[in-house]
Amino acid sequence: MTDTPIHPALTAGRLAVITGGASGIGLAAAHRFKDLGLKVCILDRNLSSLDVEGHGFIVHEQDISDARSVSALAASLIAEHGPPAVLMNNAGIGGGGDILADLDAWESVIATNLMGMVYGLKAFLPAMLANDQPGLIINTGSKQGITQPPGNTAYNVSKSGVKALTEGLAHTLREKAGSRITAHLLIPGFTYTGMIARHIPTQPPGAWSSEQVVDFMMQSLGRGDFYILCPDNDTPREADEKRILWNAGDIIENRPALSRWHPDYRDAFDAFMAD
């Protein structure tokens, strides 16, 4: 890892803000940024599992779906520490269900997973643009926002929105800041986080740890990758690429929606993956 180039924003003494940073990928990233000498601020609505005293993080209990509260906290942090070098919009929740599921569940997933990122960007990005230092924005997406597996449409919609938001953000940053501030879409594979641990008590062999995801993320940032498409122990990158291509082919070939899971296309999909 010592020979891996790092992003120019990762400079000792500057501020890194991580939402959903009290556990999982967010916490692993917090440790990595702190090891690089950054001041790390964790925003999370559940800090109960975080050993605050032992690691020296700046911590704030924060519901990122509350736009006014996020804006006020951002103003306070910027006044004290300056604009962030790093903004990692990582907070997210599962659940939601398909279109027939309860509306409250839908609203909660969209408010946290998508609008929470919008609120974070609106709160911190203007100050990052206004100064002359390098900046780094990482938004945590999901493969479900790309391949759209059936069963949890609300979550898929939220993460599809994160993909579109981050792509648009990258273009805006090129227009406004050149290469000084960059945006990146983190797309984890099967990762053993607290969200998974609530249902599976021990890490499955196929899952990566949060630390493995952050290792891969840091290497990708060093290369300047926008799409940080993580494999895991079950799914190599080649399989992910083929699944993504098949989904795109639904539009080009005018197949039924989500044909990967359509019984009439099962054999064709299996042959495509085996080719």
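What you see is a predicted model; the values in this text were computed from it and never measured.
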Discussion item. I need the N139 CG to L165 CG distance, nearest 0.5 Å.
Written reply: 6.0 Å
Worksheet item: Could you state the interatomic distance from CD1 (I93) to CG (N113), rounded to the nearest 0.5 Å?
Response: 5.5 Å
Spell out, as yes or no, whether a donor-acceptor pair under 3.5 Å connects the side chain of [X] to the backbone of [Y].
X    : Y    : answer
T191 : G189 : yes
S71  : A67  : no
S160 : G145 : yes
T112 : S108 : yes
D250 : A257 : no
N89  : L121 : no
S158 : Y155 : yes
S65  : A111 : no

Validation row: [X], [Y] side chains within 4.5 angstrom (heavy atoms):
X    : Y    : value
D66  : R68  : yes
I244 : I146 : yes
F124 : P83  : no
N233 : W208 : yes
R180 : N131 : yes
F226 : E167 : yes
F33  : I18  : yes
W106 : V157 : yes

Worksheet entry | Short N-O contact, D275 and K242, less than 4.0 angstrom | no
Item to complete: Kindly confirm or rule out a cation-pi arrangement of R255 over W246, judged by NZ or CZ under 6.0 Å from the six-membered ring centre and within 45° of its axis?
Response: yes
Worksheet item: Only one of V17, L47, L77 forms a side chain to side chain contact (heavy atoms under 4.5 Å, CB included) with H60, so which one is it?
Response: L77
Worksheet item: Of M128, M88, M117, which meets side chain to side chain contact (heavy atoms under 4.5 Å, CB included) against I137?
Response: M128
Among side-chain atoms of [X] and [Y], is any donor-acceptor pair under 3.5 angstrom?
X    : Y    : value
Y192 : Q212 : no
T11  : R14  : no
Q62  : S69  : yes

Discussion item. So which atom in P231 and which in D240 form the shortest heavy-atom distance, rounded to 0.1 Å?
Written reply: CA-OD2, 4.4 Å
Discussion item. Looking at every heavy atom in both P150 and W261, which two are closest together, and how far apart are they?
Written reply: CD-CD2, 3.4 Å
Item to complete: In sequence, state the C-alpha distance, the side-chain angles, and the governing distance for E211 and H31, and then conclude on side chain to side chain contact (heavy atoms under 4.5 Å, CB included).
Response: CA-CA 9 Å; E211 290 73 20; H31 283 292; over 6 Å; no
Indicate, with yes or no, if [Y] and [X] share a hydrophobic cluster defined by side-chain heavy-atom contacts under 4.5 Å among Ile, Leu, Val, Met, Phe, Trp and Tyr.
X    : Y    : result
L125 : I78  : yes
V109 : M115 : no
L221 : L36  : yes
V214 : I187 : no

Discussion item. Applying side chain to side chain contact (heavy atoms under 4.5 Å, CB included) to N152 and D98, what does each step give before you reach the verdict?
Written reply: CA-CA 5 Å; N152 194 347; D98 67 12; over 6 Å; no
Item to complete: For T166 and H184, run side chain to side chain contact (heavy atoms under 4.5 Å, CB included): C-alpha distance rounded to whole Å, both residues' side-chain angles, the deciding distance at 0.1 Å, then the answer.
Response: CA-CA 7 Å; T166 313; H184 306 264; over 6 Å; no
Practice prompt. Decide yes or no on side chain to side chain donor-acceptor pair (under 3.5 Å) for R223 and S220, but give the supporting numbers first.
Written response: CA-CA 5 Å; R223 293 191 299 265; S220 298; 3.2 Å; yes
Fill in: side chain to side chain contact (heavy atoms under 4.5 Å, CB included) assessment of T19 paired with I42
CA-CA 6 Å; T19 70; I42 288 174; over 6 Å; no
